[in-house]
Chemist: 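If you scroll down you'll find the structure; I have some questions about it.
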Amino acid sequence: MKRDTRLLHSGRCADDPRLVNPPVRRASTVLGESAQALYAPASGGHHYGRGGLSPNDELRAAIADLYGADHVALAPSGLASVVLALRAAIQGPGEALITDSVYKPVRRFCDEELPRLGVTPRYYDPRMGADIAGLITPATRLIALESPGSLTFEVQDIPAITAAAKAAGVPTVIDDTWSAGWLMNPLALGVDYAAQALTKYAGGHSDFLMGSVAASGEAANRLKSQETVNGLHVSPDDAFLCLRGLRTLPLRIERSGQAGLDLAVRLDAHPRVGRVLHPALPSSPDHALYARQFTAPAGCFAFTVAGASQAEGEAIAEACQLFAMGFSWGGFESLILPCDRQIIRTAVPWQADGALLRLSVGLEDVEDLWADLEAALGG
Ligand SMILES: *Cc1c(COP(=O)(O)O)cnc(C)c1O
């Protein structure tokens with residue numbers, strides 16, 4: 001079966017094939033018919049509600065199918081899923097190599113919490129490929145990737161980095177929110193733990209937060225154990241919404257990606273625009289790597305307004321009518337985010353040539369979206 005077909009038929013109702021959608025089962029308590037059944041439920045059964053029942057099981061199964069993974073953990077937010085993956089991967093004190101383009105709240109976890117685990121974060125240039133081998137030492141406990149990176153959209157050479165990591169026996173984690181597991185499969189490229197904020201494209205409707213981590217083999221066992229000891233729980237109502245969103249993920253992400261690329265091309269030719277940070281643009285320094293690793297673009301990218309101050313960039317975002325300002329992305333509605341207040345880079349300084357604005361292109365008509373941007377840019 002083709003991937004599109006599989007996505008519609010995976011994660012179906014586990015105990016009643018007549019139901020197209022699994023029932024929402026709200027339960028903390030699950031009764032046992034015998035002490036034996038209470039302590040050791042039959043395979044696939046549950047003895048308590050923390051790990052979720054239905055449709056959490058079906059959602060895990062659908063995401064596992066998407067990644068070809070042995071196990072999928074669900075977490076109450078995308079941030080919690082990346083943190084879960086980092087905790088599962090890190091096996092002892094030492095150093096962690098973290099991409100400099102990492103999502104800012106994850107960077108904060110690395111700076112504040114990794115040292116408490118005896119792990120020192122070291123940030124590396126996201127455009128570093130096989131050369132990462134030169135940064136790996138006997139103390140390296142983890143390599144964390146995010147591709148493309150948050151706000152600046154650098155594409156990483158995942159096969160080169162995972163090859164170097166494997167040669168040194170170092171586990172790898174990726175934040176795969178941009179591809180949503182649909183435009184790329186990081187596990188097939190050698191990554192051990194693939195996290196994503198389901199909040200964004202998988203959910204697609206801006207009405208809940210959730211995250212997932214997919215892993216296979218030994219990494220899957222570590223993931224299961226971390227999931228259990230951390231007591232993470234996801235509401236079955238949210239799992240239902242997520243599974244529903246997942247059914248239309250390909251339609252939405254591909255449509256949003258096409259419209260985004262269309263707008264990126266037009267912005268690239270606009271006199272007020274400095275750089276367009278979109279890896280699918282043929283002029284992007286990341287284009288060749290992007291073309292090797294992704295099947296299509298997602299609809300989230302950024303651009304600079306040449307020579308504009310932070311205040312001027314923010315005024316442009318405020319002048320947009322259809323593009324509303326908000327921190328999230330991947331929903332049906334288009335968003336614009338002025339980024340200058342939150343960009344942090346320590347390995348490779350951010351080369352600001354003007355205010356940085358990020359777009360999440362939704363499902364509106366692309367001509368309406370372009371008219372909105374053009375009016376706000378004053379062109
Ligand atoms: C939004 C986002 C997250 C966090 O997801 P939440 O559900 O908001 O916690 C993680 N990584 C990336 C790249 C994101 O954009």
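Order of listing sets the numbers, starting from 1, for every ligand and every atom in it. Note that the numbering runs from 1 along the sequence shown for the chain. None of the values given here were measured: they were computed from a predicted structure.
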Chemist: Running the 4.5 Å side-chain criterion over Ile, Leu, Val, Met, Phe, Trp and Tyr, what cluster does I90 land in, apart from itself?
Modeler: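 Members alongside I90: L79, V82, V83, L84, L86, I98, V102, Y103, V106, F109, L114, L117, V119, Y123, L142, V173, Y193, V213, L223, L232.
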Chemist: Could you tell me the separation between the CG atom of D286 and the CZ atom of R127, rounded to the nearest 0.5 Å?
Modeler: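 Rounded to the nearest 0.5 Å, the CG-CZ separation comes to 4.0 Å.
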Chemist: Show the protein residues that qualify under the rule heavy atom under 4.0 Å from an atom of ligand 1, listing them in chain and number order.
Modeler: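 Within 4.0 Å of ligand 1, protein side: S77, G78, L79, Y103, E146, S150, D175, T177, A197, T199, K200, L209, W329.
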Chemist: Tell me whether the count of non-hydrogen atoms from other residues, nucleotides or ligands lying under 6.0 Å of NE2 in H47 goes above 12.
Modeler: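 Count not over threshold, so no.
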Chemist: Can a salt bridge be assigned to the pair E374 and R272 using a cut-off of 4.0 Å between side-chain N and carboxylate O?
Modeler: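 No.
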Chemist: Please round to the nearest 0.5 Å and tell me the distance separating atom CD1 of I136 and atom CZ of R122.
Modeler: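 It is 10.5 Å, given to the nearest 0.5 Å.
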Chemist: Is the NZ or CZ atom of R252 both under 6.0 Å from the centre of the six-membered ring of W182 and within 45° of that ring's axis?
Modeler: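 No - R252 does not lie over the ring of W182 by the 6.0 Å and 45° rule.
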